[in-house]
Amino acid sequence: MTIMERTLAIVKPDGVSRGLIGEVIKRLEGSDFKIVAIKMLHLTKKQAEGFYDVHKGKPFFESLTDFMSSGPAVMMILEGENVIARYRELMGATHYKEAAEGTIRREFATDIEKNVVHGSDAPETAAFEMTYYFNNLEIVS
Ligand code: CMP
């Protein structure tokens with residue numbers, strides 16, 4: 001079944017500082033995902049904590065939110081058929097060592113935290129994550 005969906009994609013601070021914004025966008029456009037919103041933000045620690053609230057209490061939470069507020073990141077909303085699952089396939093598994101050949105994380109991630117990209121994992125999280133960074137006026141239709 002095909003469903004038109006939207007999802008949040010992030011090029012994380014490691015991806016931005018290593019000059020991988022273009023590489024990621026090339027792969028997104030090459031997969032027929034439509035970018036319907038885009039911006040660059042340097043998150044504060046508090047903003048990173050709010051975004052990753054579901055991971056609060058986990059052992060990697062402090063380090064993750066330090067990392068995500070360490071430099072600018074690029075936030076995008078992608079639109080397409082089954083885009084949530086298809087973008088997750090393009091990214092590869094969270095742990096780059098488990099990510100499939102040819103995926104973004106397999107090719108560019110350097111550790112489980114500095115894994116270059118983020119993507120929502122389900123429609124409910126996508127809805128929360130998109131509205132965390134974008135309002136309706138910032139999304140083209
Ligand atoms: P992301 O898809 O953004 O979701 C949570 C992030 O936490 C994950 O990518 C990694 O960058 C980071 N992280 C660090 N350690 C772990 C871990 N052990 N398990 C899952 N995510 C981790």
Residue pairs passing the ring-ring contact (aromatic ring centres under 6.0 Å, His included) test with at least one member in residues 71-124, sequence neighbours excluded, are F51-H118, Y52-H118

Can you name the nearest heavy-atom pair linking P13 to A73, along with the distance? CD-CB, 4.1 Å

Enter the distance from T7:OG1 to L78:CG here, rounded to the nearest 0.5 Å. 6.5 Å

Closest non-hydrogen atom pair between A37 and E138, with its separation: CB-O, 3.4 Å

Taking all heavy atoms of I84 and all of D121, pick out the closest pair and write down the distance. CG2-C, 4.0 Å

Check the side chains of K45 and S69 for a donor-acceptor pair under 3.5 angstrom, ignoring hydrogens and angles. no

Would you compute the distance between atom CD1 of I35 and atom CG of L28 and round it to the nearest 0.5 angstrom? 5.5 Å

Minimal heavy-atom distance between L8 and I77, with the atoms involved, is CD1-CG1, 4.4 Å

Could K39 and Y133 be counted as a cation-pi pair, given that NZ or CZ must be under 6.0 Å from the ring centre and within 45° of the axis? no

Residues in side-chain hydrogen bond (donor to acceptor under 3.5 Å, both in side chains) contact with Q47, at least two apart in sequence or another chain: T44

Does either side chain, that of S63 or that of E113, offer a donor lying less than 3.5 Å from an acceptor on the other one? yes

Run the salt-bridge test on E5 and R86 with the 4.0 Å N-O cut-off and return the result as yes or no. no

With a 3.5 Å cut-off and no angle check, do the side chains of S120 and E129 form a donor-acceptor pair? yes

For a quick test of reading the model, state the closest non-hydrogen atom pair linking D111 to K114 and the distance between them. OD1-N, 2.7 Å

Closest non-hydrogen atom pair, L90 against R27: CD2-O, 3.8 Å

